[in-house]
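Quick notes on the structure that follows.
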Amino acid sequence: MFYTEMKSGFQKSKDYLVCVDSDGCAMDTMDIKHTACFGPCMIAEWNLTPFRAELLRRWNQINLYTVTRGINRFKGLSKMLQEVNTSYTRVENIDALVRWVEEASELSNRSLANAINENNSPILKKAYAWSHAVNQAIAKLPREQIKPFAGVNRALAAAHPWADIAVVSSANRKAVEDEWSRYNLIEHTDLVLAQDAGTKTHCIKELCQKGYSPENIIMIGDAPGDADAALDNGVLYFPILVRLEQKSWETFLHTALPKFLDGTYQGKYQQSLLKAFYDNLSE
């Protein structure tokens with residue numbers, strides 16, 4: 001049995017815990033979602049067609065290939081629209097969106113809907129419409145293009161006898177559950193924490209309260225935000241390198257997982273992985 005939120009009754013059952021991000025980490029979905037859904041929906045919602053090619057290139061650079069890879073969708077939108085407002089064309093009420101992104105305790109559709117009910121901001125309404133359009137576009141992507149990276153199922157199957165496994169993702173919950181169920185990854189999973197559960201830092205903090213030793217918790221991710229969420233909570237981090245995902249999962253299975261389980265992961269080995277991770281995002 002797997003749980004979809006911590007308050008539903010999830011409890012520690014093993015000494016180790018493996019947390020796994022979904023998009024761009026376990027699932028080969030990040031590129032197509034950004035190139036076919038996030039960016040194009042922004043162009044449509046804000047009528048930015050005259051600048052389409054340059055803005056889509058910039059959207060992908062921000063969200064896929066640099067140190068801002070994997071940031072929350074609303075943070076990415078705010079950053080991109082600030083650049084649009086500065087360099088391309090005026091974006092009405094941009095300050096209201098920036099303020100909400102900076103001050104909201106939760107960056108999700110639910111939180112945004114609450115903010116709209118409080119102040120009826122036009123740009124927050126547009127951000128809400130954009131986010132729902134993104135979810136609808138993602139739901140229409142060809143199923144054969146939404147699949148796990150090679151090696152994920154095998155690695156999670158190897159880890160599961162020794163560790164509880166939790167998905168810790170900022171993606172839409174329904175999309176995560178559908179994708180992980182479709183490819184039988186869910187059978188190696190004990191808990192799914194998605195966008196509506198809070199930030200990854202918050203989710204890992206809550207998991208740390210379940211009784212695991214910090215050195216017995218590892219977060220697998222593909223973005224600096226994943227690393228920050230792990231290291232800020234004093235737990236371990238294993239990076240999945242963009243464009244080297246299959247090789248990364250093989251490394252986790254054959255080298256990192258044994259080191260994690262025998263207590264030799266922390267220190268020089270983790271530092272070498274972190275260096276390779278940030279070097280890969282600076283190219």
Side-chain angles (χ1 to χ4, degrees), residues 2-26 67 69-72 105-106 152 155-171 176 180 185 188-241 248-249 251-281:
F2 78 95
Y3 297 90
T4 58
E5 51 187 17
M6 279 183 282
K7 67 182 181 182
S8 62
F10 172 77
Q11 296 296 326
K12 169 180 175 287
S13 65
K14 302 183 181 78
D15 289 336
Y16 296 89
L17 173 67
V18 175
C19 302
V20 190
D21 181 39
S22 187
D23 284 4
C25 176
V67 293
R69 174 181 171 85
I71 59 174
N72 175 276
S105 59
E106 175 187 315
V152 174
L156 295 183
H160 205 195
W162 308 99
D164 295 327
I165 296 181
V167 181
V168 179
S169 170
S170 59
V176 172
W180 282 60
L185 299 180
H188 308 307
T189 305
D190 301 292
L191 175 67
V192 174
L193 300 173
Q195 183 187 83
D196 58 336
T199 66
K200 293 174 184 177
T201 298
H202 169 76
C203 290
I204 294 174
K205 181 179 180 180
E206 291 293 307
L207 288 167
C208 287
Q209 306 305 311
K210 295 295 183 178
Y212 304 97
S213 299
E215 66 272 16
N216 287 357
I217 302 175
I218 193 167
M219 173 71 188
I220 305 175
D222 63 291
D226 302 325
D228 292 343
L231 301 177
D232 287 351
N233 278 294
V235 306
L236 305 176
Y237 179 66
F238 179 82
I240 301 298
L241 304 187
S248 297
W249 278 103
T251 298
F252 177 78
L253 173 62
H254 297 297
T255 307
L257 178 60
K259 284 182 174 293
F260 172 56
L261 296 175
D262 70 16
T264 61
Y265 186 94
Q266 196 167 18
K268 289 183 178 180
Y269 181 69
Q270 178 173 247
Q271 289 305 314
S272 69
L273 294 177
L274 286 170
K275 183 179 185 306
F277 174 59
Y278 287 109
D279 286 348
N280 189 52
L281 290 174

So, using side chain to side chain donor-acceptor pair (under 3.5 Å) as the criterion, who are the partners of S13 when residues are at least two apart? D164
Mind checking what makes side chain to side chain donor-acceptor pair (under 3.5 Å) contact with S248, not counting sequence neighbours? none
Kindly write out the residues that satisfy side-chain contact (heavy atoms from CB on, under 4.5 Å) with L253, not counting sequence neighbours, or none if the list is empty. R154, A155, A158
Of I240, V168, V167, the residue whose pairing with C25 passes side-chain contact (heavy atoms from CB on, under 4.5 Å): I240
Quick one: are L156 and W180 in side-chain contact, heavy atoms under 4.5 Å? yes
For K14, the side chain to side chain donor-acceptor pair (under 3.5 Å) test, sequence neighbours excluded, returns none
CD1 of I217 to CZ of F260, rounded to nearest 0.5 Å, is 8.0 Å
What's the spacing between I220 CD1 and L236 CG if we round to 0.5 Å? 11.0 Å
Once you round to the nearest 0.5 Å, how far does CG of D23 lie from OG of S170? 7.5 Å
On a heavy-atom basis, the closest approach of P214 and G234 is CB-O, 3.4 Å
For L17, the option from I204, V235, L207 that meets side-chain contact (heavy atoms from CB on, under 4.5 Å): L207
Results of salt bridge (charged side-chain N to carboxylate O under 4.0 Å, His left out) for E215 - residues two or more places apart only: none
Residues two or more places apart in sequence or in another chain: which of them pass side chain to side chain donor-acceptor pair (under 3.5 Å) with W249? none
Using a 4.5 Å cut-off on heavy atoms from C-beta on, say whether the side chain of V18 contacts that of H160. no
Treating S213 as the side-chain partner and N216 as the backbone partner, does any N or O pair qualify as donor plus acceptor under 3.5 Å? no
For the NZ atom of K259 and the OG1 atom of T251, what is their distance to the nearest 0.5 Å? 12.0 Å
Under the side chain to side chain donor-acceptor pair (under 3.5 Å) rule, what pairs show up with a residue in residues 222-236, not counting sequence neighbours? R69-D222, K200-D226
Do Y16 side-chain atoms and L261 backbone N/O form a donor-acceptor pair below 3.5 Å? yes
Between S22 and S169, the two heavy atoms sitting closest are CB-OG, 3.8 Å
To the nearest 0.5 angstrom, please state how far the CD atom of E206 sits from the CD atom of Q209. 6.5 Å
Has D190 got a side-chain atom pairing as donor or acceptor with I165's backbone, closer than 3.5 angstrom? yes
Correct closest heavy-atom pair for K210 and F10 would be NZ-O, 3.0 Å
Distance-only criterion, 3.5 Å: show the donor-acceptor pairs between side-chain atoms of residues 263-270 and protein atoms not counting sequence neighbours.
from: T264; atom 1: OG1; to: D262; atom 2: OD1; distance (Å): 2.6
from: Y265; atom 1: OH; to: Y237; atom 2: O; distance (Å): 2.6
from: Q270; atom 1: OE1; to: Y237; atom 2: N; distance (Å): 2.7

Looking at F277 and A223, what are the two nearest heavy atoms and their distance? CZ-C, 3.4 Å
